[in-house]
Amino acid sequence: MDKQYFPTDIEEKWVKIWSERKVANTESSESFSQVIPPPNVTGTLHMGHSFQYAIMDFYTRYNHMAGKDAYWQVGSDHAGIATQMLVENNLAKKEITRKDLGREKFLEEVWDWKNYSEEKITSQIKRLGSTVDWDKYRFTLDDGFNEAVIKAFVELHRKGKIYRGYRLVNWDPSLKTAVSDLEVVRQEKDGLLWHIKYPIEGTDDFITVATTRPETMFGDMAIAVNPDDERYKELIGKNIVLPFVGRKIPILADDYVDMEFGTGCLKITPGHDFNDYEIGKKYSLHEVNGQVETSETDSDFEPINIFNDDAWSNDNVPAPFNNLDRFKVRKLVIEKLSELSLLEKEEKYHISVPRGERSNVVIEPKLSHQWYVKTSEMAARANEAVNNGDIKFHPQNWDKTYFNWMDNIQDWCISRQIWWGHRIPAWYDSEGNVYVGHNEEEIRTQYDLDSRELKQDDDVLDTWFSSSLWPFASMGWPHETDDFKKHFPTSLLVTGFDIIFFWVARMMMMSLEFTDQIPFKDVYVTGLIRDENGQKMSKSKGNVIDPLDLIYGISQDALVEKRTSNLMQEKIAQKIERKTRNQFPKGIESYGTDALRMTFYSLATHTKDISFEFGRLKGYRNFCTKIWNAARFINGYPAGNEIFNPKTDADQLIMDEFQKTKNKIQKNIEDYRLDFAINEVYEFFWSKFCDVYIEECKKSGKTDNLRPMLKEILVMMHPFAPFITEEIHSLLFKSQIIE
């Protein structure tokens, strides 16, 4: 054994071995299985990925060592919007747009990026020591997965659970596509509340409405007041005349209205506000010859859309307000209202602005034709699986979050107006009829359309739709593969709390729908890794930490410099490429994967927010050095019997302590408390084994049991620190812990 512990040398050796082997107990009747939350092919892994993958690898190794056939499905996600946006931004630097290239050529560019990013991601997963079978790697746009996605869409459509509708969606005017709630972030800021006077028909009176979005008044279809508000009772049922437009709109009474907000009057703009949409639908608001009327017939509801795809005002807006950006419309509306003495006042008001997570552009609620999944029945089945204990959340309190979302679930918008993704298997004829099927040939045969011109839907499916099939489609569904039969349902899902609804719940719904089985038994919900200042890590903030930087020993100061210096990034890349200890810059010591893994386990508390602490990383780097030095010391004694045979009081005491520690660790592992488990490992090895037992053996000269005790400890510690334990075990005992 080398005198000094050099983690990167050891780890690179074992990474090569582990990435080429297949770890399985195929003869075992017991299976432990899990699927990787597939990382997006948008670059490289970050600390959140590494944190979760460290936990997943722990449970894979632990269950393999327990004699189970442990299987961890690996793969990556095409990440529709995120990846397309990234490639478009790269092309923009060359002054090229996707429309310049056309769909086919543009997709070739995206596939090139995917291959580049995928290579980086897979190398990182390997470098972390992940115990996966690389021959079974899956990608959410590979041929087999595409088959599964198309089958799922077609079957749901034939069951009446997928439909096309004209509904209000989150619309990103920059990307020109609908986006999910997950892709919308709220920006809290100081804004303004404008008080606008609306003339009451046939009188000289006004009703004053307070709004943060005066530019949407052209889409107003009603004014709502609370039925208990004495100020407005006499106005209920009357009409107002919409300024600039002349449209007559009714004053309605609805208890949704908050009497304390603004003036107690709410303008209802169903085409550009989600809450207003529901109220408009409730009364089936529709316009007839310049008069908005109510109806009891749902099909009469017809909101007014005033913006086009890039959030410029359309022809439903009169001159001079039409054909302008929405914020220019706002400015002009305020100006013209003031001229007409219809702007009563403006006041400061704290607002929450929805922005696209990717584009940072203000999201516009917009009416558009989209594809939807009916979710109520599927959600009920998923809820039953949680209620009866078939699926358990760890910590258990996350089931409250799950039910809070699921009990208020809406139909799921699954179409996106982009090119990168699973193209929707729907075709249209010249008359607007729609046909859904696995392919055009099937549709032509089924509907006898040999001579009719057909055009496939340009939209693609939401990334969350395809990823909702991941637990079973990644294992071969719709085919009855050996992996699917043996490893599905999976045993465990490790994921973050922020996607419990967007991914976890949808996997549950889809698995029950298509396989009649739950997708997993336990859901281990992790917290969110934050930087040393408690901030969420994001590329836009420049505070993302690459796990390889820590493994190879980038200092904390250098990490800060890396965030702002391309030169530093190049230096780090060169350093990682050299990969030898003698070429590391003086004064920088590599931490290694084992130290990083153990740091992650110590941070795996049941809190939502986890601050990454460099002090802990350094502490576990020192712990690895302690393990190495203890092994070197023990290796200095002659090899003897490798079975522990207590001969002294010290022998018996350490064996008793070892058994107690193993029992505590096992319970903590089963309870998904790796933070408690790693503390037990640390305390036992450093304080009880090194500081007490080794010293007692040195004093007494009774060292026969040092090697067999170390061997058992290495096996116990292996899932926590696989590299150093495997290296020591192979050097001292000429065998591997995991063959």
Side-chain angles (χ1 to χ4, degrees), residues 1-23 50 53-54 57-58 60-62 64-65 70 123-132 547-548 550-553 576 578-584 589-601 617-640 642 665 678 681-682 684-686 689-690 694 706-739:
M1 295 179 67
D2 288 344
K3 290 183 179 180
Q4 192 172 345
Y5 167 57
F6 295 111
T8 53
D9 290 2
I10 293 169
E11 292 171 4
E12 284 159 9
K13 164 189 161 184
W14 286 105
V15 162
K16 187 174 188 303
I17 294 171
W18 292 341
S19 64
E20 294 174 354
R21 75 174 179 186
K22 296 175 177 60
V23 176
S50 305
Y53 298 172
D57 189 63
F58 177 93
T60 303
R61 290 177 182 271
Y62 177 80
H64 174 82
M65 293 169 68
S123 66
Q124 283 182 294
I125 296 174
K126 290 176 182 177
R127 186 59 187 82
L128 293 168
S130 303
T131 314
V132 300
L548 292 186
L550 301 180
I551 290 171
Y552 283 98
I576 293 174
R578 291 196 296 265
K579 292 183 178 178
T580 60
R581 62 178 180 267
N582 293 329
Q583 291 172 299
F584 279 122
E589 188 176 18
S590 57
Y591 295 113
T593 307
D594 285 331
L596 182 60
R597 285 172 66 118
M598 288 189 282
T599 301
F600 283 144
Y601 301 144
L617 181 62
K618 293 174 183 177
Y620 282 107
R621 171 60 170 78
N622 294 338
F623 183 53
C624 288
T625 300
K626 184 77 170 180
I627 297 170
W628 186 261
N629 289 339
R632 278 191 68 246
F633 170 77
I634 293 170
N635 195 38
Y637 290 96
E642 292 183 0
I665 290 173
I678 191 61
V681 169
Y682 188 99
F684 173 80
F685 188 85
W686 196 300
F689 181 64
C690 292
I694 290 179
L706 279 175
R707 290 175 71 91
M709 186 76 259
L710 176 63
K711 186 176 184 180
E712 293 205 40
I713 293 172
L714 291 173
V715 172
M716 177 188 73
M717 293 174 62
H718 179 75
F720 297 94
F723 290 103
I724 191 170
T725 54
E726 194 71 279
E727 175 72 4
I728 294 172
H729 197 280
S730 66
L731 290 174
L732 270 64
F733 306 108
K734 311 305 178 188
S735 63
Q736 295 181 30
I737 296 174
I738 294 183
E739 296 292 345

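The chain is numbered in sequence order, starting from 1.
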### Task
Taking side chain to side chain contact (heavy atoms under 4.5 Å, CB included) as the test, write out the residues that go with K126, two or more places apart.
V15, S19, W134

#### Entry: Test side chain to side chain contact (heavy atoms under 4.5 Å, CB included) applied to Q736 - qualifying residues, sequence neighbours left out
W14, R21, E726, E739

What distance separates [X] [atom1] from [Y] [atom2], expressed to the nearest 0.5 Å?
| X | Y | atom1 | atom2 | answer |
| --- | --- | --- | --- | --- |
| C624 | R597 | SG | CZ | 11.0 Å |
| N629 | I694 | CG | CD1 | 10.0 Å |
| N622 | W686 | CG | CH2 | 6.0 Å |
| L732 | L714 | CG | CG | 8.0 Å |
| M1 | I10 | CE | CD1 | 7.5 Å |
| L710 | T725 | CG | OG1 | 10.5 Å |

Please check this pair: side chain of [X] against backbone of [Y], looking for a donor-acceptor N/O pair closer than 3.5 Å.
| X | Y | answer |
| --- | --- | --- |
| R621 | G592 | no |
| Y601 | A54 | yes |
| H729 | K711 | no |

### Message
Classify the ring geometry of F689 against F685: parallel below 30°, tilted from 30° to 60°, perpendicular beyond 60°.
### Response
tilted

### Query
What orientation do F623 and Y620 show, parallel under 30°, tilted 30 to 60°, or perpendicular over 60°?
perpendicular

### Query
Of all heavy-atom pairs between F723 and L128, which one has the smallest distance, and what is that distance?
CE1-O, 4.0 Å

### Query
What's the shortest heavy-atom distance between A639 and R707, and which atoms?
CA-NE, 3.6 Å

### Message
Walk me through whether E20 and K16 qualify under salt bridge (Lys or Arg N to Asp or Glu O under 4.0 Å).
### Response
CA-CA 7 Å; E20 294 174 354; K16 187 174 188 303; 3.3 Å; yes

### Task
Apply side-chain contact (heavy atoms from CB on, under 4.5 Å) to L596 and Y591, showing your working.
CA-CA 7 Å; L596 182 60; Y591 295 113; over 6 Å; no

4.5 Å side-chain heavy-atom contact, [X] and [Y]:
| X | Y | result |
| --- | --- | --- |
| I627 | I728 | yes |
| W628 | E727 | yes |
| M709 | I713 | yes |
| D594 | P722 | yes |
| I665 | F720 | yes |

### Message
For the NZ atom on K13, are there more than 12 heavy atoms of other groups (residues, nucleotides or ligands in this structure) within a distance under 6.0 Å?
### Response
yes

### Listed partners of R127 passing side-chain hydrogen bond (donor to acceptor under 3.5 Å, both in side chains), at least two apart
E11, Y552, T593

### Task
Assess the side chains of T131 and D57: does a donor N or O sit below 3.5 Å from an acceptor N or O?
yes

